[in-house]
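Residue numbers start from 1 in every chain, and the chains themselves are labelled A, B, ... in the order their sequence lines are given, proteins ahead of strands.
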Amino acid sequence: MSTLQLENVRKSFGKAEVIHGVDLEVDDGEFVVFVGPSGCGKSTMLRMIAGLETVSSGQLKIDGRVVNEMTPGKRGIAMVFQSYSLYPNMTVRQNMEFGLQQAKTPKPEIKRLVDEAATILKLHPVIDKRPGQLSGGQSQRVAIGRAIVRDPGIFLFDEPLSNLDAELRVHMRVELKSLHQRLGRTMIYVTHDQVEAMTMADRIVVFNDGVIEQVGTPLELYNAPANLFVAGFIGSPKINLLNATRKSGDTLQVPGGKLTFPQLDRLSEAGELVVGIRPEHVVVADAGDADISGKVTLAEQLGGETFLYVEIDGLENAMIARAPGQIRVQSGETVGLRLPSDRRYLFDPKSGRCLNRLTFD
Amino acid sequence: MGPQILPANATLTQRLASAFRAIHWRNTVTMTILIIGALLMLAPFMWTFSTSLRPPAEGFRLPPSFLPTEFETLRDGPIPFLPMYWNSFLVAAITTIGVVLTSSMAAFAFSRLRFPASNLLFYLLLLGLMVPPALVLIPLFFVMAQLGLMDTIWSLVLPGLANPLAVFMMREFMKSQPREYEESAFVDGASYWTIFWRISLPQMGPPIAALSIIVFTTSWNNFLLPLVFIRSFESMTLPVGILSLFGSYGPQQLSVILAAVSLAVLPLLVVFLVAQRFIVESIAGTGVKK
C-alpha cells in the first residue's frame with residue numbers, strides 16, 4: 001500500500017526541459033491514468049517515478065519518503081512495459097521468479113507466489129514456455145504476473161495494451177480493472193487512448209507539453225473540462241468547436257448561424273470566443289427549430305447510433321452529430337442542427353480556458 | 001495437386017499411384033541437384049584427406065581408400081603429436097572462453113554504462129586493430145620473459161585475451177538489444193552484473209558462436225606466437241609442431257605430415273558445426289514485441 005507525491009518535478013534532457021514542474025498526489029489504492037498525446041511527457045513522468053529517468057529538480061516521494069536518488073529496485077514499485085519486455089532466454093516461470101530472486105526471497109516462497117500469480121492470471125498452461133511461444137495476450141499477462149509476484153506498493157503501466165488487437169484490448173482492460181479491485185494496490189497507468197483512461201481510471205491526469213492540464217475523475221473531465229485541450233482530448237468522437245464572434249447582447253455569430261448565450265456578458269467581455277458542444281449533445285432538428293444547418297457529407301450508421309458529419313459554411317472541420325441509430329439521412333442532404341444552450345461550452349480562444357460550467361444530472 | 005483421399009478398399013496400385021502423385025517433384029529435382037553438387041564439392045577434399053593418410057606410393061590408387069593407415073606412425077613417431085594437439089586445443093579453448101568473457105563484459109560496459117570518456121576509450125581500443133601483431137612481438141616477448149611465462153601455453157593465451165575486434169563486434173550486437181530488458185531487470189532489483197550475466201549474455205548466442213569460431217580458428221592456426229615463445233615439444237602447438245614434423249620426416253613421408261594437417265583441420269570443423277547449431281537455436285524467439 002503506497003502513496004505518491006510529486007512536488008514541482010521537472011525533467012530536462014540537456015537544455016530542453018520536457019517536464020515543467022508537475023505537482024500531483026496519488027492516494028493509496030488509487031487507479032490513476034496519465035493521458036495525453038504522444039510526446040506530452042506522460043511516459044517520461046512514469047519513468048521518473050520508476051527510477052529509470054533521473055529527476056532534474058523537485059521531489060518525488062513514495063509513502064512520504066523522497067526517492068529521487070533511490071534505485072528502481074528499492075522503490076517498492078513494479079512496471080509493465082509496452083513491449084512486455086519478457087526475458088526471452090527464460091521461461092514464463094523463470095521470468096516471474098526473477099524479481100523475487102533479486103529480493104533474496106526463499107525458494108519455497110518464490111514457488112508459492114509464482115503459482116499463486118499464475119493461477120490468478122491463468123498462466124499455468126504456458127508456465128514452462130518461453131516468451132517467443134506466447135501470444136500477445138499471454139505475454140501481457142506474464143508481464144503483469146511478473147509485477148504481481150513482487151507485491152509492490154505501486155504498479156506502473158506504460159501503455160500496456162497498445163500492442164494488442166482491439167478485442168483483446170477490451171478484454172485486458174476489464175481484467176486489469178478487476179485485478180486492481182482484487183489487489184487494492186496503487187496503480188499508475190499511462191495511455192494515449194482516452195477511452196482506456198475513461199473506462200479504467202479513478203482519476204485521470206491529462207498531460208500536455210510537459211504540464212498537467214487537469215486532474216479529475218473521468219466524469220469531471222468530461223463534464224467540466226478546464227480548457228480547450230482537455231475538452232478536445234476527452235470524449236469520442238471529439239467535441240465540436242466553433243469560432244464565435246460576439247454580436248449584440250447575448251448573441252454569438254457562429255459558422256452557419258447565430259447562438260444566444262444566456263448571461264454572456266458575465267462570462268466574458270472578449271469579442272472572439274470559441275463555442276464547444278459534444279457530438280452526443282447536438283440534436284438533429286427541423287429547419288425552424290435548428291440553430292445552424294449544413295450538408296451531410298458522411299453518415300456512419302452503427303445500428304444503435306448514427307454519426308453525421310455535417311459540413312457547415314465557414315467551419316474548417318465537419319461538425320459531428322450523434323443521431324438515433326435508425327435515422328434515415330443520405331449524404332448530400334441538408335440537415336438542421338440544434339445546439340442546446342445547457343450543453344454548450346464557452347472557451348476563451350487566447351488562454352483556452354473554459355468560461356462556463358455545465359451541470360449534468 | 002493436393003493429396004487424394006482414397007477409399008478404404010483401394011488397391012495397392014491405387015495407393016502407390018496416389019503416393020507417387022503426392023511427391024513434390026520440383027523439390028525432389030532441386031534436392032537431387034544440390035546433393036550432386038555437394039558430393040562434387042566434397043569429393044576432392046575426401047580424396048586429399050584419404051591421400052594424406054596413406055603412403056605416398058598409393059596416393060593415386062583407384063578406387064581411393066578412405067581408411068587411415070598413418071595414425072600409428074604419427075602417434076609413435078619422434079615428435080609428440082598428440083600432446084601438441086592437446087596444447088593447441090587448450091590454448092584455443094582457453095583463449096576463446098577468455099575472449100568471449102572479456103569482450104562481452106567490455107562490450108556491455110561500452111554499450112550500456114554511462115561513464116566519462118567512454119567513447120574516447122572505445123576508439124582508443126579500436127586503434128588496436130590497426131597495430132600489426134608482428135609489431136608488438138618484441139615487447140610481448142620481454143613481458144612474457146619478465147612474467148616467467150616463456151615456453152608455457154600462457155604466453156600464447158594471455159596476449160590473445162584483449163581483442164579489439166571482438167569487443168567491437170560484441171558491442172554492436174549488444175547495442176541492438178532492446179533497452180527494455182535492462183530497464184525491466186532494474187525495476188526487478190537486478191544489479192548490472194546480474195543484468196549482464198543472466199539477461200544480456202544469454203541472448204548473445206549468435207554473436208558468441210560467430211566470435212567463438214573466429215577466435216578458435218585464429219588461435220588454433222596461430223603460428224607466429226608459438227614460433228617465438230615456445231621452444232620445447234611439451235608446450236608446442238600444432239602449427240609449429242607440423243613444421244617440426246616436416247623437419248623430422250621430410251618430403252619422403254609427406255603422407256604422415258598430411259595426416260597431421262588433416263587431423264589439425266578436424267577440430268575447426270567440429271567447432272563450426274557445434275557453433276552453427278547454437279546460432280540456429282539462439283535465433284528462436286524474443287520477449288519484446290516488435
Side-chain angles (χ1 to χ4, degrees), chain A residues 46-47 49-54 70-92 94-105 129-137 139-140 142-143 146-147 149-150 152 154-156 158-160 162-164, chain B residues 100-101 104-105 107-108 111-116 118-119 170 173-212 275 277-290:
Chain A
L46 193 80
R47 289 169 61 80
I49 297 168
L52 297 172
E53 295 286 353
T54 54
M70 200 180 272
T71 56
K74 292 185 177 162
R75 293 188 181 201
I77 49 126
M79 187 160 170
V80 177
F81 291 81
Q82 180 181 359
S83 55
Y84 315 144
S85 203
L86 304 178
Y87 312 127
N89 53 309
M90 300 182 193
T91 62
V92 168
Q94 288 166 339
N95 262 281
M96 289 163 78
E97 286 174 345
F98 185 79
L100 295 170
Q101 288 166 348
Q102 304 315 306
K104 308 268 187 280
T105 311
K129 288 190 175 175
R130 296 205 176 204
Q133 299 168 290
L134 305 179
S135 67
S139 299
Q140 194 53 266
V142 177
R146 201 167 61 177
V149 288
R150 294 182 51 224
I154 302 177
F155 283 87
L156 306 175
D158 189 6
E159 307 206 29
S162 55
N163 282 333
L164 304 179
Chain B
V100 166
L101 275 177
S104 53
M105 282 194 275
F108 184 78
S111 64
R112 288 292 188 247
L113 307 187
R114 293 174 198 165
F115 57 92
S118 61
N119 279 340
M170 296 295 269
F173 275 99
M174 265 185 192
K175 272 171 74 178
S176 67
Q177 279 182 0
R179 267 194 186 275
E180 285 95 330
Y181 293 140
E182 182 188 324
E183 292 178 341
S184 182
F186 262 136
V187 174
D188 276 342
S191 63
Y192 273 121
W193 174 254
T194 309
I195 293 169
F196 166 71
W197 191 246
R198 290 198 55 193
I199 303 203
S200 201
L201 199 61
Q203 293 178 56
M204 298 287 286
I208 286 176
L211 182 65
S212 299
R277 188 169 67 85
F278 283 122
I279 289 170
V280 175
E281 278 180 7
S282 303
I283 290 168
T286 169
V288 170
K289 182 85 175 175
K290 302 287 183 200

Drop me the distance from [X]'s [atom1] to [Y]'s [atom2], to the nearest 0.5 angstrom.
{"X": "A:S83", "Y": "B:E183", "atom1": "OG", "atom2": "CD", "answer": "9.0 Å"}
{"X": "A:L52", "Y": "B:R179", "atom1": "CG", "atom2": "CZ", "answer": "11.0 Å"}
{"X": "A:F98", "Y": "B:I199", "atom1": "CZ", "atom2": "CD1", "answer": "3.5 Å"}

Less than 4.5 Å to any heavy atom of chain A: does that hold for the side chain of B:S184, its backbone, both, or neither?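 Both backbone and side chain.
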
Would you please say whether a donor-acceptor pair under 3.5 Å links the side chains of A:Y87 and B:D188?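 A pair is found: one side chain offers a donor N or O, the other an acceptor, under 3.5 Å apart.
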
Give a yes-or-no answer on whether the side chains of A:Q101 and B:R198 include a donor-acceptor pair shorter than 3.5 Å.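 Their side chains do contain a donor-acceptor pair, which is all the 3.5 Å distance test asks for.
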
Contact summary for [X] and [Y], nearest pair of heavy atoms:
{"X": "A:Q102", "Y": "B:A190", "value": "OE1-CA, 3.8 Å"}
{"X": "A:L86", "Y": "B:Y181", "value": "O-CE2, 3.1 Å"}
{"X": "A:M79", "Y": "B:V187", "value": "N-CG1, 3.7 Å"}

What part of A:R130 lies closer than 4.5 angstrom to a heavy atom of chain B: side chain, backbone, both or neither?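 Interface part for A:R130: neither.
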
Below 4.5 Å from any heavy atom of chain B, which atoms of A:R75 appear? Answer side chain, backbone, both or neither.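 Neither the backbone nor the side chain of A:R75 comes within 4.5 Å of chain B.
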
